[in-house]
Protein chains: 2
Amino acid sequence: MEQQQAFLDSLSTLLDKINWLDHAVLAEQLADFKPAEVHTIAFIGGHQDANVTAIANGLYVTRGAVSKMTRRLITRDLISRYQNPDNQKEVYFRLTSKGEAVRATHARLHQQFNQRDAPVFEQADPEQLQQTLAFLNAYNQFLDQQISRDKTIES
Amino acid sequence: MEQQQAFLDSLSTLLDKINWLDHAVLAEQLADFKPAEVHTIAFIGGHQDANVTAIANGLYVTRGAVSKMTRRLITRDLISRYQNPDNQKEVYFRLTSKGEAVRATHARLHQQFNQRDAPVFEQADPEQLQQTLAFLNAYNQFLDQQISRDKTIES
DNA sequence: CACGTTTTGTTTCCTTGTCAACAAAAAAGA
DNA sequence: TCTTTTTTGTTGACAAGGAAACAAAACGTG
């Protein structure tokens, strides 16, 4: 049990630190764009025909949040909105050329972040790394089960 | 490099899912309290003589955020504020009995969350678990170095 | 001690997100 | 087909936090 708590604490602070470091660079290199804007642009750039619901699920935010964010990105000419002729309900998004430029910069910075942390992965025992990935996968699968079980109970 | 990215993705979505599941229970069992309120109460309950700066560092938020939150918690009679006679600058906090009750409920729910995920830890190879914790520790230490290096460069 | 520097806490404005209520479209079922 | 249910996107009120500017207290050093 203490091990379990230690794991979770380790995990949360790890991500807190990474975000802290990344954020400083992002704020400087993509100064004209808010973090959430870049985040959404990156997702749309990586997922063809993404609609509001898909983006919300992918970013783990509500549809309301996505609806507002996409509206802003459209007015800033970073994404464009389109629909399927035989579906008047769903709304899809794609990047404009301006949005694509942001996505490219973001991808470059991400590689830079990876390089920053690369030593940790190079110095680690490959076996240890493998074991870690395996455990994270197992945990993720377990949580997926829990979530789908929750959803069926709710109904 | 793909391994590194896989690791980070795995990690982020893992925490997203845990938060999702926890949040549903918290919202129901501690309906009168916002997540951030409970979070702050838990920290103060676990750290004697916590001042604004200490809480901010511990929760990875700004002092401004803590200042606002503590003000609210005081008006809701969940914490109380006190100072040291020989220091007119720092402000410390402790839980009221009402706050203590919230902390206790929160602790109980946390145990419940741990029990929910216990199977993952029980079924995992102890060696695998050990390796995972070791890797997380190594990564955390590396980031601590990076952060302190950043701070010295800034100056 | 006195003066400049640092630390601490607060406040204001802005960004981001949730929740809940809603309307319109699509899907499901009788 | 017609009706009911579900899905999808939007909006408004509000919660939460960050950044920057600020005042007051504490510290450091000549």
Side-chain angles (χ1 to χ4, degrees), chain A residues 16 19-24 26-28 30-44 49-76 78-79 81-93 151-152 154-155, chain B residues 16 19-20 22-24 26-28 30-41 43-44 49-76 79 81-93 151 154-155:
Chain A
D16 283 337
N19 282 337
W20 177 266
L21 284 166
D22 291 2
H23 177 261
L26 262 303
E28 187 193 337
L30 283 170
D32 294 344
F33 307 94
K34 316 289 171 192
E37 294 175 341
V38 176
H39 200 199
T40 308
I41 287 171
F43 187 90
I44 292 175
D49 300 331
N51 63 351
V52 172
T53 300
I55 298 171
N57 290 336
L59 299 184
Y60 284 86
V61 295
T62 59
R63 295 196 307 263
V66 173
S67 184
K68 292 168 190 167
M69 182 54 69
T70 51
R71 184 152 56 88
R72 218 170 69 199
L73 293 177
I74 289 171
T75 65
R76 298 197 56 184
L78 293 161
I79 65 174
R81 177 197 151 103
Y82 64 97
Q83 283 183 286
N84 194 322
D86 52 314
N87 188 324
Q88 297 303 116
K89 193 168 58 159
E90 298 184 347
V91 181
Y92 304 95
F93 302 95
K151 282 188 181 162
T152 53
E154 274 168 22
S155 62
Chain B
D16 283 338
N19 282 337
W20 177 267
D22 292 1
H23 177 261
L26 261 303
E28 186 193 338
L30 284 170
D32 295 344
F33 308 93
K34 316 286 174 193
E37 294 175 342
V38 176
H39 200 200
T40 308
I41 288 172
F43 186 89
I44 293 174
D49 300 331
N51 64 352
V52 172
T53 300
I55 298 171
N57 291 336
L59 300 183
Y60 283 86
V61 295
T62 59
R63 295 197 307 267
V66 174
S67 183
K68 295 168 197 165
M69 182 55 68
T70 51
R71 183 152 54 87
R72 217 169 70 197
L73 292 177
I74 288 170
T75 66
R76 298 196 57 182
I79 65 175
R81 179 196 148 103
Y82 64 98
Q83 283 184 284
N84 195 321
D86 51 313
N87 188 324
Q88 297 303 119
K89 194 167 57 159
E90 298 185 348
V91 180
Y92 304 95
F93 302 95
K151 281 186 181 163
E154 273 168 21
S155 66

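All values below come from the heavy atoms of this structure, side chains included, with hydrogens, waters and symmetry mates left out. In what follows, every chain begins at residue 1, and chains take the letters A, B, ... in the order their sequences are listed.
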Q: Rounded to the nearest angstrom, tell me the gap between atom CG in N57(A) and atom P in dG9(D).
A: 10 Å
Q: Let me know, please, whether R81(B) or Y60(A) comes out on the 5' side of the other along DNA chain C by nearest nucleotide.
A: R81(B)
Q: Begin from the C-alpha positions of E90(A) and Q88(A) and carry the test side-chain contact (heavy atoms from CB on, under 4.5 Å) through to its verdict.
A: CA-CA 6 Å; E90(A) 298 184 347; Q88(A) 297 303 116; over 6 Å; no
Q: With nearest nucleotide decided by heavy atoms, which residue, F33(B) or E90(B), maps closer to the 5′ end of DNA chain D?
A: F33(B)
Q: Which comes earlier along DNA chain C counting from the 5' end, the contact point of V52(B) or that of K89(A), where each point is its nearest nucleotide?
A: V52(B)
Q: How far apart are the closest heavy atoms of P35(B) and H23(B), and which atoms are they?
A: CG-CD2, 4.2 Å
Q: Ignoring hydrogens and angles, are the base of dT18(C) and the side chain of K68(A) linked by a donor-acceptor pair under 3.5 Å?
A: yes
Q: Output the single nucleotide from dT15(C), dG9(D), dA25(D) whose closest atom is nearest the side chain of R72(A).
A: dT15(C)
Q: If you only use heavy atoms from C-beta on, which nucleotide in dA26(D), dT10(D), dG17(D) is closest to the side chain of A36(B)?
A: dG17(D)
Q: Does a nitrogen or oxygen in the side chain of N87(B) sit under 4.0 Å from OP1 or OP2 of dA25(D)?
A: no
Q: Of all the choices, dT18(C), dA16(D), dT10(C), which nucleotide is nearest to the side chain of K34(B) once you look at every atom?
A: dA16(D)
Q: Can you tell which of V52(A), L78(A), N51(A) makes a side-chain contact (heavy atoms from CB on, under 4.5 Å) with F93(A)?
A: V52(A)
Q: May I have the distance from R63(A) (atom CZ) to dA23(C) (atom P), rounded to whole angstrom?
A: 16 Å
Q: Does the side chain of L73(A) come within less than 4.5 Å of T40(A)'s, by heavy atoms?
A: yes
Q: Between W20(B) (CH2) and dG17(C) (P), how many Å, whole number?
A: 14 Å
Q: Just N and O in the side chain of T62(A): are any of them under 4.0 Å from OP1 or OP2 of dG17(C)?
A: no
Q: May I have the distance from Q88(B) (atom CD) to dC27(D) (atom C1'), rounded to whole angstrom?
A: 16 Å
Q: What is the distance, rounded to the nearest whole Å, between atom CZ of R71(A) and atom C1' of dG9(D)?
A: 12 Å
Q: For L73(B) and dT10(C), give me the distance from atom CG to atom P, rounded to whole Å.
A: 13 Å
Q: Considering only side-chain heavy atoms of T53(A), which listed nucleotide, dG9(D), dT18(C), dT16(C), is closest?
A: dG9(D)
Q: Rounded to whole angstrom units, what separation is found between the CE atom of M69(A) and the C1' atom of dG9(D)?
A: 16 Å
Q: Output the rounded distance in Å from NE2 (H23(A)) to P (dG18(D)).
A: 9 Å
Q: Does dT8(D) have OP1 or OP2 under 4.0 Å away from a side-chain N or O of N51(A)?
A: no
Q: So if I apply the side-chain contact (heavy atoms from CB on, under 4.5 Å) rule between H39(B) and each of L26(B), V61(B), I44(B), L59(B), which one comes out positive?
A: L59(B)
